[in-house]
Amino acid sequence: MDRASWTSVGAGSVTYTSQGAVLSLSKKGDAPTLSTNWYIFFGRIEVLMRAAPGTGIVSSVVLGSDDGDEIDWELIGGNNDEVQTNYFGKGNVTLYNRGGNSAVHDVQGTRHNYTMDWQIGQLTWYVDGKAVRTLNEEDAVGGLNYPQTPVKLKIGSWAGGDPDNAPGTIAWAGGVTDYTKGPFTMHVERVSVTNQYPAASYSYGDMSGSWDSIVLKKDDAVDGN
């Protein structure tokens with residue numbers, strides 16, 4: 001990982017070894033997270049990692065935009081053989097059919113490649129090169145809830161099972177977290193990002209939140225889609 005391209009944005013320990021980044025959650029309030037200092041606008045994101053163990057501990061890889069678009073990988077510490085996928089469009093959380101589950105063996109002890117191929121019109125999640133889920137734009141409320149604005153990449157862990165969380169969150173995370181059993185450690189060995197539409201900066205041309213309203217600034221020039 002290119003450390004200069006990332007910022008630590010959560011409490012908890014983030015250290016680096018010859019094998020990548022080590023993110024450790026040890027106590028209440030910890031949520032060790034690395035965020036890119038830059039945005040991407042469609043493209044391919046690959047993360048080679050091992051998830052953190054522990055009841056209620058959630059390891060996540062998230063693409064998130066300023067407009068509430070989001071694409072997720074989530075791994076629950078109490079389940080060593082599954083990964084969850086999810087997405088949001090413009091912050092709409094009223095629909096509950098967005099999530100998916102895929103069987104993956106030993107997500108905590110074995111490194112796996114988690115890839116998101118995010119394109120205009122279609123999003124595919126891959127594990128170790130095998131497609132496990134595809135979302136077509138028209139299937140996300142006719143495209144309205146399809147993620148389509150520039151995003152930052154965040155990788156980290158948090159305690160969904162914290163006793164102060166909502167009961168529904170704790171249940172989803174697999175139960176209450178016992179911090180005395182920590183630290184709970186996530187290992188991120190390699191991250192590869194291909195930005196489909198690179199630019200010096202991005203801005204919103206209107207309030208639609210659609211991909212074709214995004215304005216790309218390339219050095220001193222400005223391009224619209």
Side-chain angles (χ1 to χ4, degrees), residues 9-14 22-35 45 47 49-65 68-112 114-116 123-127 132-135 139-141 145-147 151-188:
V9 296
S13 171
V14 178
V22 180
L23 295 81
S24 295
L25 189 160
S26 299
K27 63 184 185 301
K28 184 180 181 65
D30 280 359
T33 303
L34 290 168
S35 172
I45 301 89
V47 180
M49 56 167 275
R50 287 184 285 133
T55 299
I57 302 300
V58 182
S59 300
S60 61
V61 177
V62 178
L63 297 177
S65 84
D69 288 345
E70 186 173 313
I71 306 168
D72 301 338
W73 288 108
E74 293 170 310
L75 300 101
I76 307 302
N79 189 340
N80 193 31
D81 293 299
E82 183 182 82
V83 63
Q84 298 184 16
T85 56
N86 209 341
Y87 72 93
F88 301 87
K90 300 176 180 63
N92 184 359
V93 296
T94 61
L95 302 174
Y96 296 93
N97 61 347
R98 295 168 284 101
N101 302 279
S102 300
V104 183
H105 178 64
D106 191 23
V107 298
Q108 297 160 17
T110 302
R111 62 182 187 179
H112 292 283
Y114 301 94
T115 296
M116 293 177 278
L123 165 65
T124 304
W125 290 262
Y126 295 85
V127 177
V132 297
R133 183 184 180 188
T134 295
L135 172 70
D139 295 330
V141 193
N145 276 15
Y146 186 75
V151 298
K152 286 187 174 182
L153 169 61
K154 294 184 178 181
I155 303 173
S157 63
W158 59 288
D162 186 273
D164 291 337
N165 283 342
T169 300
I170 295 173
W172 165 76
V176 175
T177 297
D178 181 355
Y179 293 105
T180 66
K181 295 183 178 179
F184 309 105
T185 302
M186 174 183 184
H187 298 264
V188 182

So how far is it from [X] [atom1] to [Y] [atom2], rounded to the nearest 0.5 Å?
X: Thr177; Y: Asp30; atom1: OG1; atom2: CG; value: 11.5 Å
X: Ile170; Y: Asp164; atom1: CD1; atom2: CG; value: 8.0 Å
X: Leu23; Y: Leu34; atom1: CG; atom2: CG; value: 5.0 Å
X: Leu135; Y: Thr85; atom1: CG; atom2: OG1; value: 9.0 Å
X: Asn80; Y: His105; atom1: CG; atom2: NE2; value: 7.5 Å
X: Asp72; Y: Lys154; atom1: CG; atom2: NZ; value: 11.5 Å

- [ ] Among Met186, Gln108, Arg111, find the residue that satisfies the side chain to side chain contact (heavy atoms under 4.5 Å, CB included) test when tested with Arg50.
- [x]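 Answer after filtering Met186, Gln108, Arg111: Arg111.
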
Report yes if some heavy atom in the side chain of [X] is under 4.5 Å from a heavy atom in the side chain of [Y]; otherwise report no.
X: Val127; Y: Tyr114; value: yes
X: Thr55; Y: Asp178; value: no
X: Val151; Y: Ile71; value: no

Task: Donor-acceptor pair between Ser157 and Ser59 side chains, under 3.5 angstrom - done: no

Task: Side-chain donor-acceptor pair present, Trp172, Gln84, cut-off under 3.5 Å - done: yes

Task: Neighbour count >12 (heavy atoms, 6.0 Å) for atom NZ, Lys28 - done: yes

Closest approach of [X] and [Y], non-hydrogen atoms and distance?
X: Pro32; Y: Ser13; answer: CB-O, 3.8 Å
X: Ala159; Y: Leu25; answer: N-CD1, 3.8 Å
X: Val107; Y: His112; answer: CA-CD2, 4.0 Å
X: Trp73; Y: Thr115; answer: CZ2-O, 3.2 Å
X: Gly99; Y: Asn86; answer: N-OD1, 3.6 Å
X: Pro163; Y: Val176; answer: CG-CG1, 3.9 Å

- [ ] Take Val58 and Ile76 through the test side-chain contact (heavy atoms from CB on, under 4.5 Å) and record every step on the way to the result.
- [x] CA-CA 5 Å; Val58 182; Ile76 307 302; 3.9 Å; yes

Open item on the list: For a side-chain contact (heavy atoms from CB on, under 4.5 Å) check, start with the C-alpha distance between Trp158 and Thr33, then their side-chain angles and the critical distance, and finish with the verdict.
Closed with: CA-CA 9 Å; Trp158 59 288; Thr33 303; over 6 Å; no

Task: Backbone N/O of Gly160 and side chain of Asn165: donor-acceptor pair under 3.5 Å - done: yes

- [ ] Name the orientation class of the two ring planes belonging to Trp125 and Tyr87 (parallel below 30°, tilted from 30 to 60°, perpendicular beyond 60°).
- [x]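 Rings of Trp125 and Tyr87: tilted, as their planes differ by 30° to 60°.
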
Open item on the list: Using the ring-ring contact (aromatic ring centres under 6.0 Å, His included) criterion, which residues pair with Phe184? Sequence neighbours excluded.
Closed with: none

